[in-house]
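Only one structure is covered here, and it is reproduced in the block below.
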Amino acid sequence: AEQGARVVVSSRKQDACEVAAKSINDQFGEGSATAIACNIGYKDQLQALVDQTHEQLGKIDILVSNGGVNPFYGPMSEIPDEAFDKIMNSNVRSNHWLCQMVLDMIAAGKGSIMITASTGALGASDTLGTYNISKLADIALVRNLALENGPHGIRVNAICPGVIKQILPAHSGIT
């Protein structure tokens, strides 16, 4: 929005989306942001998100897919099948679906897709193993999408944030 793009803010809860969109609109002008609720676990909701975006804003030039879940914290030997499936479906399959839905960017010969992975994808964990596997799968998804769509002018990248320990000065008053 700061650079002039019109953006869609999406999350499961419409009221949270509206708060974020209002903040963007207050800062960058009315119409800079639109709120559209969507649960990434449902293909029909993702398609509705894409369709509503097309209807309200026109073609999609940039996709930032930042959704993800982790309903389980512990060793992989204890993860329930339902939690494993939810992590893999929400963190990997939904990205695959959403990317396929916006690849009409190819017709324009330009576009950018960014998928949020994690530095956790780069190592093992005795508490976040399945989550890390899903984020490594996202990196593989990005690589393949880049291979297939790069020749058509579509950039596909992974963003890999991680936990950063902040060390505050003793005099900061923050503990």
Side-chain angles (χ1 to χ4, degrees), residues 1-71 82-118 120-121 130-131 133-150 152-161:
E2 184 176 316
Q3 299 299 314
R6 293 182 302 157
V7 301
V8 170
V9 175
S10 186
S11 173
R12 287 177 293 142
K13 300 186 191 271
Q14 183 67 25
D15 57 340
C17 296
E18 289 173 2
V19 168
K22 181 182 181 321
S23 175
I24 293 167
N25 286 328
D26 288 349
Q27 189 172 1
F28 301 109
E30 195 60 37
S32 294
T34 301
I36 304 174
C38 173
N39 183 323
I40 62 172
Y42 299 94
K43 190 174 189 177
D44 61 329
Q45 288 190 32
L46 288 169
Q47 188 63 59
L49 170 65
V50 170
D51 293 345
Q52 288 178 44
T53 299
H54 282 300
E55 289 169 16
Q56 294 181 31
L57 302 179
K59 70 182 184 74
I60 297 170
D61 298 311
I62 301 168
L63 168 65
V64 179
S65 186
N66 188 43
V69 301
N70 184 48
E82 297 79 25
F84 185 93
D85 290 345
K86 183 171 186 160
I87 291 168
M88 298 306 284
N89 290 338
S90 295
N91 297 359
V92 183
R93 187 177 66 179
S94 67
N95 283 327
H96 166 69
W97 283 341
L98 190 54
C99 289
Q100 299 311 311
M101 292 172 185
V102 303
L103 280 173
D104 56 354
M105 295 173 174
I106 289 174
K110 65 178 183 173
S112 179
I113 296 173
M114 292 160 275
I115 295 176
T116 301
S118 171
T130 304
Y131 176 81
I133 290 168
S134 75
K135 293 305 180 174
L136 186 56
D138 279 335
I139 292 170
L141 176 66
V142 164
R143 287 177 176 157
N144 219 70
L145 287 167
L147 174 78
E148 292 178 9
N149 298 288
H152 303 287
I154 311 298
R155 288 186 326 268
V156 187
N157 297 98
I159 302 167
C160 295

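Keep in mind that the numbers below use all heavy atoms, side chains included, and drop hydrogens, waters and symmetry copies. Being a predicted model, the structure only gives us computed values, none of them experimental.
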Nearest 0.5 Å, please: how far is [atom2] in [Y] from [atom1] in [X]?
| X | Y | atom1 | atom2 | answer |
| --- | --- | --- | --- | --- |
| I40 | L46 | CD1 | CG | 7.5 Å |
| N95 | L145 | CG | CG | 9.0 Å |
| T34 | Q56 | OG1 | CD | 5.0 Å |
| L141 | S134 | CG | OG | 11.5 Å |

Tell me whether Q14 contacts the main-chain N or O of A35 through its side chain, where contact means a donor paired with an acceptor under 3.5 Å.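 Present.
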
Side-chain (N25) to main-chain (A33) donor-acceptor, under 3.5 angstrom: yes

Criterion side chain to side chain contact (heavy atoms under 4.5 Å, CB included) on D26 and K22, from CA distance to verdict: CA-CA 6 Å; D26 288 349; K22 181 182 181 321; 2.7 Å; yes

Looking at every heavy atom in both [X] and [Y], which two are closest together, and how far apart are they?
| X | Y | answer |
| --- | --- | --- |
| I139 | A121 | CD1-CB, 3.7 Å |
| V69 | N91 | N-OD1, 2.7 Å |
| I159 | M114 | CD1-CB, 3.8 Å |
| A37 | C17 | CA-SG, 4.2 Å |
| G111 | M105 | CA-SD, 3.8 Å |

Chi angles and distances behind the side chain to side chain contact (heavy atoms under 4.5 Å, CB included) call for I133, M88: CA-CA 8 Å; I133 290 168; M88 298 306 284; 4.2 Å; yes

Any side-chain heavy-atom pair of [X] and [Y] under 4.5 Å:
| X | Y | result |
| --- | --- | --- |
| S32 | V7 | no |
| V19 | D15 | no |
| I113 | L103 | yes |
| Q47 | K43 | no |

